[in-house]
Amino acid sequence: MNDLFDFKPKAVRFAVMGNPVEHSRSPEIHREFALQTGINLEYDRIRIDGGFEQAVSHFQASNGAGLNITVPFKVDAWKLCNRPGNQLSNRAGTARAVNTLRFEENGTIYGDNTDGTGLVTDLEQNIGLALESLSILLIGAGGAVRGILEPLLACCPARLDITNRTMSKASEMADLFGEKVNPVTLQETGRRQYDLVINGTAAGLEGQMPELDSHCIGPNTLAYDMVYGSRLTPFMEWALDNGAYAVHDGLGMLVEQAAASFHLWHGVHPQTRPVVELISKIHHVRSI
Ligand SMILES: NC(=O)c1ccc[n+]([C@@H]2O[C@H](COP(=O)([O-])OP(=O)(O)OC[C@H]3O[C@@H](n4cnc5c(N)ncnc54)[C@H](OP(=O)(O)O)[C@@H]3O)[C@@H](O)[C@H]2O)c1
């Protein structure tokens, strides 16, 4: 049909970009939000092997309105938005990692990080765990963990320890927050039992888990894996075997961070609970 007589509103394009992205549930989530709010959009998965900035500008030039950025490109996305002309939200500036890009009409790019608000909303509102005064162990020091440290601290936990396979990265991250975040080695994780243990590593994507001391888990521990999938992750199984009273995967965080990205792109905050329930029903046991 001649475009002149095609009066249907054109769908704006969004996508999640990273590697791997095949497992990503973001397209289903954004389509559900779009149905709920009556917004016409396309949302795809784009897997890239490198060439991050070229891939972003190619997408921007092909009617792209926004991108979610996932592993391992969140720091590259921050570097792109940190260039003169582009812009960063305060929280993305502090995290030095970006998971949401919005392409502005003047051609510039705005970068935000919605991972932290996604995690905290899932823990506090969906799961019902008040973070204030809890002792928390955070495992990992990649792009995702950069985004969640400040929002976790804002909830005033009694203690926040961080560990990682490459310990120097965990120490660097702890240094950014002074005395509020304590670096501990993987071997030292058994020195205390935590109220909340968050696995923020990508190990579960390869069917693995970090080499933690099992004494960090006990009957008062809730274990949360930011990875999600169609079955319990190795970390969730390990936590249950070691006596955690509950385990959750990162599906609720995914839906909550997606809702915050959706708000940034469309100015509307969608309802998340029906989407968490729908996606959990299709895919798996989200929590035990
Ligand atoms: N649910 C959600 O909404 C959500 C949001 C964001 C991220 N995530 C998930 O969070 C994970 C981390 O994402 P990211 O962006 O931070 O990735 P990233 O920047 O690539 O960082 C990867 C992290 O995982 C660690 N790691 C990787 N393989 C490991 C293994 N086999 N054993 C122990 N540690 C391992 C790395 O340790 P080294 O430093 O030693 O390499 C690093 O700390 C991903 O699985 C991602 O899917 C989920």
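Values below: all heavy atoms of this structure, side chains included; hydrogens, waters and symmetry mates excluded. In this text the structure is predicted, and so the values were computed from the model without any measurement. Atoms within each ligand, like the ligands themselves, are counted from 1 in listed order.
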Which side-chain N or O atoms in residues 72-82 pair as donor and acceptor under 3.5 Å with protein atoms at least two apart or in another chain?
from, atom 1, to, atom 2, distance (Å)
Lys74, NZ, Asp115, OD2, 2.8

With sequence neighbours excluded, give me every salt bridge (Lys or Arg N to Asp or Glu O under 4.0 Å) pair touching residues 92-104. Arg102-Glu104

Ring-plane angle category for Phe14 and Tyr43, please: parallel below 30°, perpendicular beyond 60°, tilted otherwise. parallel

Taking ring-ring contact (aromatic ring centres under 6.0 Å, His included) as the cut-off, I'd like each qualifying pair that reaches into residues 172-215, sequence neighbours left out, listed once. none

Who are the residue neighbours of ligand 1 when the rule is a heavy atom under 4.0 Å from any of its atoms? Val71, Lys74, Asp115, Gly140, Ala141, Gly142, Gly143, Ala144, Asn164, Arg165, Thr166, Lys169, Gly200, Thr201, Ala202, Ala203, Leu205, Glu206, Gln208, Met226, Val227, Gly250, Met253, Leu254, Gln257

Exam field: side chain Asn242 to backbone Ser214, donor-acceptor pair closer than 3.5 Å: no

Any Pro210 side-chain heavy atom under 4.5 Å of Asn199 side chain: yes

